[in-house]
Number of protein chains: 2
Amino acid sequence: MIIREEPLQHLEIAEYLINQVQKGIIKAGQKIPSENDLCEQFHVNRHVVRQAIARLTNLGWVTPQQGKGCYVNCLPKPILYVLSSQTRFTENMETQGVSHESKLIHWEIDLPDLNEQESLQLDEREYVYRLDILRYINEQPLSITTSVFPCLELPRLEQHFDHFDSLYGILLDHYQLRPIRSHSMFQACLPTLKDTEHLKIPENIPIIRIESVMNHPSGFPIEYSVARVRGDMQKCVIEF
Amino acid sequence: MIIREEPLQHLEIAEYLINQVQKGIIKAGQKIPSENDLCEQFHVNRHVVRQAIARLTNLGWVTPQQGKGCYVNCLPKPILYVLSSQTRFTENMETQGVSHESKLIHWEIDLPDLNEQESLQLDEREYVYRLDILRYINEQPLSITTSVFPCLELPRLEQHFDHFDSLYGILLDHYQLRPIRSHSMFQACLPTLKDTEHLKIPENIPIIRIESVMNHPSGFPIEYSVARVRGDMQKCVIEF
DNA sequence: AAGTGGTCTAGACCACGCA
DNA sequence: GCGTGGTCTAGACCACTTG
């Protein structure tokens, strides 16, 4: 009598592999067995093995590399991002001693959409700057942020884009402006296809979406931003 | 000359379907075409269609139901959860007029792990209560929270579990205790397999993990909790 | 019984990295 | 050229829902 003990699934293979990594049997930087090897080992189809590996990938344990193999991530301990009314990316990273970089990958002048109108208390005819900023830590893409400012408040902002390094540096240097965080809204979601390209992540890695409104020191809203941050690379901390 | 315009992929089918839903061509509560129909429509294998639908599912647009079809979600606008030093789940939901419920699904007395020791400033020999609480809004599971308290602070806590409805209600009624949020840490991640069972979600839906420490009014830490919340059902708001 | 989604097998071709 | 992962086809069996 043959007992089919086959609620064996992609999920069980995934758990087995995660165990191997957690126990240190397969170490960070090493490869897990190839898909074909795993097929033989578990006597299953390659498709099933691939499902298992997909789960490992989404959970952040491994990253497959075409032509090479599937490597266990040297998981960088998630960066702490301390949120307060005064927080800036650059300063935050520097206090943690993390190498960082910001790139302006796109900017435009446009009419505000409904969200932007409401958050910035703008008329539908008041133009805004819309900037897309890609931020790196340790040479890896961490987040992409869309920041929106009323054009009126930051005249000729584009003049300062040539040597872009820190958004808040520009605001401070050229406009004597230090925005203050009014409120933020967090949500876990999946990246858009565009975001996956910029962040160089698979489309199933969860990201944290942070929607914020920043105020001018005198009180009115001056910046509306939506950041999409790799969930596995950052933890946001709020102190009360 | 035949032009292969076939970077057609599961992702493109997914985008097509998302468009149909966004434009209202397929409305909430309705079914999208069956897998076999989509196979014919796009002249692709069922496997490809299933990948596309998997993406829709993860993004929260649809939920497949075996034997019936794949229904467009009546997307409940994400609940706002306002985080402050005084926040409680029950009160938060009631101010928004949302029907809610809490179930204690597991409890134990145990020695604290390293995280818990550190967060609660406990000796490794001081026992803790560990509670798993499942919370519902509008009859749908929203979050699962593991709360840890030092046994010493809440003697005979289990006596009050019979008619469990609100954790903070018990603390207030029987211990005259109103914990105050010290800090919280957010991260986007994927659910564990256990969490998927409790929350009744597929394993690829992103969740937001909120790790918090709450203090006794006189200042020392009294509760360490880890909440896993459906990303598509809740937005956390922080006011500064 | 027919249709639906859930899971698996078997096998193909491609793009990439490496020796 | 070979092995790797990425993608797709073709077809099978199952569990569930509905008529």
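Naming convention: chains lettered A, B, ... in sequence-line order (proteins, then strands); numbering from 1 in each chain.
- The CD atom of B:E40 sits 12 Å away from the P atom of C:dG3 (whole-angstrom rounding).
- Of all nucleotides listed (C:dT9, C:dG6, D:dG5), D:dG5 comes nearest to the side chain of A:R50.
- Counting only heavy atoms from C-beta outward, the side chains of A:C39 and A:D37 never approach each other to under 4.5 Å.
- For residues 20-32 of chain B, no pair satisfies salt bridge (Lys or Arg N to Asp or Glu O under 4.0 Å), with sequence neighbours left out.
- With C:dC8, C:dT4, C:dG5 as the candidates, the nucleotide lying closest to the side chain of B:E35 is C:dG5.
- With rounding to whole Å, B:Q65 atom CD is found 14 Å from D:dC16 atom P.
- Screening residues 191-202 of chain A for salt bridge (Lys or Arg N to Asp or Glu O under 4.0 Å), with sequence neighbours left out, gives A:D195-A:R228.
- Judged as a salt bridge (Lys or Arg N to Asp or Glu O under 4.0 Å), the pairs with a partner in residues 88-107 of chain B (not counting sequence neighbours) are, in order, B:E91-B:R178.
- The salt bridge (Lys or Arg N to Asp or Glu O under 4.0 Å) analysis of residues 46-64 of chain A, with sequence neighbours excluded, yields the pairs A:E35-A:R46, A:E35-A:R50.
- Between the P atom of C:dG5 and the NZ atom of B:K31 lies a distance of 8 Å, rounded to the nearest Å.
- Ring geometry for A:Y129 versus A:F161: interplanar angle over 60°, hence perpendicular rather than tilted (30 to 60°).
- Residue A:N36 contributes atom CG, which lies 14 Å from atom P of C:dT9 at whole-angstrom precision.
- In this structure, the CD1 atom of B:I13 is 11 Å from the C1' atom of D:dC8, given to the nearest Å.
- Atom P of nucleotide D:dT4 and atom CD of A:Q30 are separated by 16 Å, given to the nearest angstrom.
- Side-chain nitrogen and oxygen atoms of B:S34 include at least one within less than 4.0 Å of the OP1 or OP2 phosphate oxygen of C:dT4.
- Regarding B:L11, its CG atom lies at a distance of 13 Å from the P atom of D:dG6, rounded to whole Å.
- Between the CD atom of A:Q51 and the P atom of D:dT7 there is a distance of 14 Å, rounded to whole Å.
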remark   = Protein-proximity profile, nucleotides 11-19 of chain C, B/S/- by nucleotide at the 4.0 Å heavy-atom cutoff, equals -B--BBSS-
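- The side chain to side chain donor-acceptor pair (under 3.5 Å) test applied to B:N19 returns no partner, not counting sequence neighbours.
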